[in-house]
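Encoded as structure tokens, the structure appears first; notes follow it.
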Amino acid sequence: MLRSGFEELFNHLDPYSRYLTPEEAGSARARRIGQVGLGLRLAAGRGDTVVLAALSQGGPAAMARLRPGDRVLAIDGRPVSGQDLASAAALLEGPAGSEVVLRLQRGNRRFEARLLRSLLAPETVHAERREDILWLQLENFSTATDRNVLAALAEGFRPGRPRGIVLDLRGNRGGLLGQAVAVAGAFLPGGVVARTSGRHPDADRVYVATAGDQATGVPLVVLVDGRSASAAEIVAAALGDRGRAVVIGSVTTGKGLIQVVVPLPNGGELLVTWSRVLAPLGWPLQGLGVLPALCTSLGVDAAADALARLRLGDSPWRRHSHGNGRRGRRCRPARWPACAIPAHRRKAGRSMPRWPAQC
């Protein structure tokens, strides 16, 4: 009944304001701030055994020097079997700060490990240096994304200054507004990252870069696609508008509305649209999306032509800009046919104070 009441209310507002049940809110909080755990993942091994399949860097299991492949014999004295992984995983759950004792086997040696459950930030940044290019893939924008990006930059520069950086935002559905501003700011010397505007005076804000360019001017490419949305679009638009990066891919989702997260007594949450996002040059993200400088969804010939124009210094931002701040869209989303762009993408969408702000 509670959900039906909120749904009826929000049906008259915008596409993104909504009610989250306690279960949905718990999952959303885990994506934003992380969840309590041990930083390990179990899997079934040979002969119905249970083994450590993966460890989270910096998590309790990794700090205890456990290794992938270690066999788990018992958890808090209770034997575990690969035939019932769900029960084994349930034994690992508990409140932050509580202890769990694992009985393990590595080769012929058996030993015990005492681990303290802790709040683990989601792993959202994956870094790799290939052919002297530093690749940073961001899955979403959670509470530790900015710190992880800075750490990845420091680690990626340690062998020497790379020839370039690729910031991969493909499939990134967004996250926290503050994290988007911080990540974009890590590549900018200063100045405007984004603006927000709304009906309430407090919704009108200007977000600026303050950390300085942590990449020290190394050439930057941002990869986007039709699933890059909200916070990912803020980063791509900021770096493209400011001339810091070349944006490559297909037109992004066009979700440029900010929601505030209102906790409820039952453990659920309300997401209420609060403002819309404007790129540094003043155009709205909502309903438009980010236009790549190099479009990859129109075929090889069109991509080659766009690349040739880029070499001559031609800017697609100027070429497709209009006096009213709206931009033409010649590059289509890769996930839809050229003539089948959904109705909500063909018009500026309608659309969520200091509760957490997400986009």
Inset, instruction - Kindly confirm or rule out a cation-pi arrangement of R109 over F111, judged by NZ or CZ under 6.0 Å from the six-membered ring centre and within 45° of its axis? - result: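 Verdict for F111: a cation-pi partner in R109.
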Inset, instruction - Measure from NZ or CZ of R129 to the centre of the six-membered ring of W135 and say whether it is under 6.0 Å with the direction within 45° of the ring axis. - result: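 Verdict for W135: no cation-pi partner in R129.
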Inset, instruction - Please check if any side-chain donor atom of S197 sits under 3.5 Å from a side-chain acceptor atom of S275, or the reverse. - result: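 No.
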Show me, pair by pair, the donor-acceptor contacts under 3.5 angstrom made by side chains of residues 42-55, not counting sequence neighbours?
| from | atom 1 | to | atom 2 | distance (Å) |
| --- | --- | --- | --- | --- |
| D48 | OD2 | Q83 | NE2 | 3.0 |
| T49 | OG1 | R46 | N | 3.4 |
| T49 | OG1 | R46 | O | 2.8 |

4.5 Å side-chain heavy-atom contact, [X] and [Y]:
X    : Y    : value
P162 : I133 : no
V221 : I165 : no
L220 : V246 : no
D204 : T196 : no

Considering only distance and modelled atom types, tabulate donor-acceptor pairs under 3.5 Å from the side chains of residues 88-102, sequence neighbours left out.
| from | atom 1 | to | atom 2 | distance (Å) |
| --- | --- | --- | --- | --- |
| S98 | OG | P95 | O | 2.6 |
| S98 | OG | R117 | NH1 | 2.7 |
| E99 | OE1 | R114 | NH1 | 3.1 |

Inset, instruction - List for me each residue that meets ring-ring contact (aromatic ring centres under 6.0 Å, His included) alongside Y19, sequence neighbours excluded, and say none if there are none. - result: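 Partners of Y19 by the ring-ring contact (aromatic ring centres under 6.0 Å, His included) criterion, ordered by chain and then number, come out as F6.
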Legend entry - Y207-V149 co-clustered via ILVMFWY side chain contacts under 4.5 Å: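 Result: yes, single cluster for both.
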Inset, instruction - Flag the pair R78 and D76 as a salt bridge only when some basic side-chain nitrogen lies within less than 4.0 angstrom of an acidic carboxylate oxygen. - result: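 Looking at R78 and D76, the cut-off is not met.
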Inset, instruction - Quick one: name the residues clustered hydrophobically with V192, using the 4.5 Å side-chain heavy-atom rule over I, L, V, M, F, W, Y, and just say none if it's on its own. - result: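 When side chains under 4.5 Å apart are linked, the cluster holding V192 also contains V206, V208.
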What pairs of donor and acceptor atoms, side-chain ones from residues 59-69 against any protein atom, are under 3.5 angstrom apart with sequence neighbours left out?
none

Inset, instruction - Sequence neighbours left out, what pairs pass ring pair (Phe, Tyr, Trp, His ring centres under 6.0 Å) with at least one residue falling in residues 177-203? - result: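 Passing the test, one end in residues 177-203: H200-W274.
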